[in-house]
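Okay, structure first, notes after.
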There are 2 protein chains.
Amino acid sequence: MSKQELPATQPRAGDVNGAACCAPPACEPLGQAEAEELARLFKAVADPVRLRLLSLIACHEGGEACVCDLTDAFDLTGPTISHHLKVLRKAGLIDCERRGTWVYYWINSGMLERLSAILGPRVAVTA
Amino acid sequence: MSKQELPATQPRAGDVNGAACCAPPACEPLGQAEAEELARLFKAVADPVRLRLLSLIACHEGGEACVCDLTDAFDLTGPTISHHLKVLRKAGLIDCERRGTWVYYWINSGMLERLSAILGPRVAVTA
DNA sequence: GCACTGCTTAGATGAATGTCTAAGCAGTGC
DNA sequence: GCACTGCTTAGACATTCATCTAAGCAGTGC
């Protein structure tokens with residue numbers, strides 16, 4: 001847990017024999033802390049069931065869907081869908097509210113847009 | 001593996017007692033096949049080491065970096081970095097070329113932009 | 001050819017993750 | 001209050017994944 005703290009401007013192991021293999025970075029790359037937080041978000045999205053859940057919610061009229069509708073769209077048990085929804089919720093990608101018997105979910109589009117922006121023009125980011 | 005093939009227009013389980021819990025989708029949600037392919041791509045990005053690798057490569061002068069430089073930025077062994085680079089390569093997110101002693105990697109920005117677009121305005125997508 | 005460096009592949013191992021069943025909590029309606 | 005439905009939590013289990021060490025392949029230079 002020390003190498004990633006190097007100033008990255010000191011003489012490099014690659015400079016042996018006087019032949020540098022490559023140039024220093026031209027912009028500030030992602031730090032470890034940001035990378036870990038972003039990876040947490042991407043992990044939440046990196047599952048076919050959760051991608052389809054997001055899509056189903058986004059596609060529903062009014063931008064929200066109840067769990068029963070989401071569950072019906074899969075060949076999975078209720079607890080499994082509930083688990084995936086929880087992962088998305090913990091990542092801040094969706095929010096939910098109980099209304100009487102049913103629980104409704106909707107997309108937190110700000111979070112998705114943040115992820116989108118990171119992959120967009122360039123990976124380096126001020127996050 | 002059959003429920004997701006439902007037309008989604010037939011009477012629903014949620015209609016019990018005549019009280020529908022929710023409305024049908026307002027647009028075409030992600031299919032299972034597309035979701036699986038996208039999840040594969042997102043999984044490749046959903047790791048702090050791989051995010052930093054992408055960032056380091058993108059930030060390097062000329063848009064490419066050699067492995068030795070990438071390895072030095074982490075507190076991980078060479079084989080581990082090589083493994084992560086392979087994951088990114090198999091996902092089509094980066095490409096590489098050997099030039100003499102060193103191997104250089106660069107970003108396949110088209111792939112990243114595709115992922116970016118999916119998370120962007122809406123999750124529903126014609127992928 | 002031989003030693004050296006750079007990088008990848010192969011195989012093992014511990015941790016994280018997706019799924020299930022069983023059980024519990026929260027509303028609704030009789 | 002009691003039964004019923006909708007949804008979540010808890011815990012178990014199989015699979016996937018990140019990492020390591022050991023070994024192998026590819027260039028370079030003497």
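Every chain is numbered from 1, with letters handed out A, B, ... down the list of sequences.
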Write down the distance between [atom1] ([X]) and [atom2] ([N]), rounded to a whole number of angstrom.
X         : N      : atom1 : atom2 : result
Trp102(B) : dT5(C) : CH2   : C1'   : 10 Å
Asp72(B)  : dG6(C) : CG    : P     : 10 Å
Ile81(B)  : dG6(C) : CD1   : P     : 15 Å
Lys90(A)  : dT8(D) : NZ    : C1'   : 14 Å
Tyr104(B) : dG6(C) : OH    : P     : 12 Å
Arg99(A)  : dC7(D) : CZ    : C1'   : 15 Å
Glu97(A)  : dG6(D) : CD    : C1'   : 16 Å

Test log, rule side-chain contact (heavy atoms from CB on, under 4.5 Å), inputs Ile94(A) and Met111(A): CA-CA 9 Å; Ile94(A) 58 176; Met111(A) 274 308 219; over 6 Å; no

Upstream residue (5' side of DNA chain D) when Thr101(A) and Arg98(B) are each assigned their closest nucleotide: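 Final value for this comparison: Thr101(A).
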
Student check: side-chain heavy atoms of Leu70(A) and Ile57(A) closer than 4.5 Å: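 Counting from C-beta outward, Leu70(A) and Ile57(A) do come under 4.5 Å.
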
Test item: Leu119(B) and Arg114(A) side chains (from C-beta on) under 4.5 Å apart, heavy atoms: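 The answer is no; the side chains never approach within 4.5 Å.
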
Heavy-atom closest contact (Leu93(A) atom, Ala44(A) atom, distance):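 That would be CD1-CB, 3.8 Å.
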
Under-4.0 Å side-chain N/O to phosphate OP1/OP2 contact, Tyr105(A) with dG6(D):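 False: Tyr105(A) side-chain N/O out of range (4.0 Å or more) of dG6(D) OP1/OP2.
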
N or O in side chain of Lys86(A) less than 4.0 angstrom from dT8(D) OP1/OP2: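 No, outside the criterion.
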
Candidate pair Phe42(B) and Leu115(A), rule side-chain contact (heavy atoms from CB on, under 4.5 Å), full reasoning: CA-CA 11 Å; Phe42(B) 279 118; Leu115(A) 289 184; over 6 Å; no

Minimum-distance nucleotide to Cys68(B) side chain [options: dC7(C), dC7(D), dG6(D)]: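 Nearest nucleotide to the side chain: dC7(C).
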
Closest listed nucleotide, where the reference is the side chain of Ser82(B) and the choices are dT9(C), dG6(D), dT8(D):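 Nearest listed nucleotide: dT9(C).
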
Reference residue Tyr105(A); test side-chain contact (heavy atoms from CB on, under 4.5 Å); the match among Arg89(A), Glu64(A), Glu97(A):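 Of all the options given, the one that passes is Arg89(A).
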
Side-chain donor/acceptor of Ser116(A) to backbone N/O of Ala117(B), under 3.5 Å: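 Flag not set: sc Ser116(A) to bb Ala117(B) has no pair under 3.5 Å.
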
Under 4.0 Å protein heavy-atom contacts per nucleotide of nucleotides 11-21 of chain C, with B for base, S for backbone only and - for none: ------SSBBB

Stepwise side-chain contact (heavy atoms from CB on, under 4.5 Å) check, Arg40(B) with Glu37(B): CA-CA 5 Å; Arg40(B) 218 174 42 80; Glu37(B) 202 222 324; 4.2 Å; yes

Strand DNA chain D in bracket notation, Watson-Crick/G-U under 3.5 Å with | for pairs to another chain: ||||||||||||||||||||||||||||||

Full working for side-chain contact (heavy atoms from CB on, under 4.5 Å) between Val67(B) and Trp102(B): CA-CA 7 Å; Val67(B) 177; Trp102(B) 297 298; over 6 Å; no

